[in-house]
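Note that these values count all heavy atoms, side chains included, but never hydrogens, waters or copies made by symmetry. One-based numbering, in listed order, for ligands and for the atoms of each. FYI, the numbering just counts along the sequence from 1.
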Amino acid sequence: MVNVRGVHKSFGRLEVLRGVDLRVAAGSVTVVLGPSGSGKSTLLRAINHLEKLDRGTVTVDGELIGYRRVGGRLHELKEREVLRQRTSLGFVFQNFNLFPHLTVLENLVEAPIGALGRPRAEARARALELLGRVGLADKADAYPRRLSGGQQQRVAIARALALEPKVLLFDEPTSALDPELVGEVLDVIKDLAAAGTTMIVVTHEIGFAREVADTVVFMDDGVVVEQGPPAAVLDHPQHERTRAFLSKVL
Ligand code: ADP
Ligand code: MG
């Protein structure tokens, strides 16, 4: 479903992604681990073209993201095309990023109506169904500031799902939450995994990775150091850098 090939990205003289390859199968959950600054967020942002690539390609369901190929060369797509492509990639941020001036329901219907042209009634019905799925059917008319962090993040997940994305990208979805609220958000993500949603999840929650991931990817210094099933990477890491990282977080 997602195919990242040879992706390089620098900010000035700092090379943050130094040739990343990653393949994510449809219906699978990939958990990305790695120290702060290793390039995890930049990789997610590169996948949905919030960052331009210096080299390499990203395809989602066979479609090249952010560029089109003309006679062997890549040309960046127009903003409107990129926005259209992004509707197939749901993004859930560490800090929820809900629209504060909109109610929960309005947060969910905004993009389906604006970006996909769905009729309002249909978008509303779908939004209410999704709020039920994340356990927040009774919060449709609340404003985000009235919700706990865990509830806000569940709304953000429902909002991402409202665009019916092919893939959901999570960037440390529980890092900003009080410890007692982490579980309710991870439970929603686990339900999505059980329903066959394709997901890439950057997180430090090792227990979650062990339970839910099909593949664990360990990144350090802009490269994928190793990847494999959770039992292999977490219990029998092959690389010293993975061992050193795990000894700090386990
Ligand atoms: P991680 O998510 O693994 O903590 P990031 O992808 O956020 O890592 O960042 C990797 C490196 O790239 C860090 O050194 C960070 O400071 C740098 N970086 C990220 N975004 C930018 C940017 N827009 N401009 C300059 N440096 C950046
Ligand atoms: Mg990050």
Determine whether any heavy atom of Ser38 lies closer than 4.0 Å to an atom of ligand 1. yes
Please check: side-chain N/O of [X] versus main-chain N/O of [Y], any donor-acceptor pairing under 3.5 Å?
| X | Y | answer |
| --- | --- | --- |
| Asp171 | Phe93 | no |
| Ser148 | Gln151 | yes |
| Arg86 | His49 | yes |
| Glu226 | Gln238 | yes |

Distance from [atom] to nearest protein heavy atom, with residue and atom:
| atom | answer |
| --- | --- |
| atom 12 (O) of ligand 1 | Val16 CG2, 3.1 Å |
| atom 19 (C) of ligand 1 | Phe11 CE1, 3.5 Å |
| atom 5 (P) of ligand 1 | Thr42 OG1, 3.6 Å |
| atom 7 (O) of ligand 1 | Ser41 CB, 3.6 Å |
| atom 4 (O) of ligand 1 | Gly37 N, 2.7 Å |
| atom 3 (O) of ligand 1 | Lys40 NZ, 2.7 Å |
| atom 8 (O) of ligand 1 | Gly39 N, 3.2 Å |
| atom 16 (O) of ligand 1 | Leu14 CD2, 4.8 Å |

With a cut-off of under 6.0 Å to the ring centre and 45° to the axis, is Arg146 in cation-pi contact with Tyr143? no
Is any N, O or S atom of Ser41 under 2.8 Å away from the Mg ion (ligand 2)? yes
Interfacing atoms of ligand 1 (cut-off 4.0 Å, heavy-atom, Pro35): 3 (O)
The single option from Ile200, Leu22, Leu33 passing side chain to side chain contact (heavy atoms under 4.5 Å, CB included) against Val217: Leu22
What I'd like to find out is whether the side chain of Val155 reaches to under 4.5 Å of the side chain of Val134, using heavy atoms alone. no
State, with a plain yes or no, whether a side-chain heavy atom of Phe11 is found less than 4.5 Å away from one of Glu51. yes
Heavy-atom protein contact below 4.0 Å for atom 22 (C) of ligand 1: yes
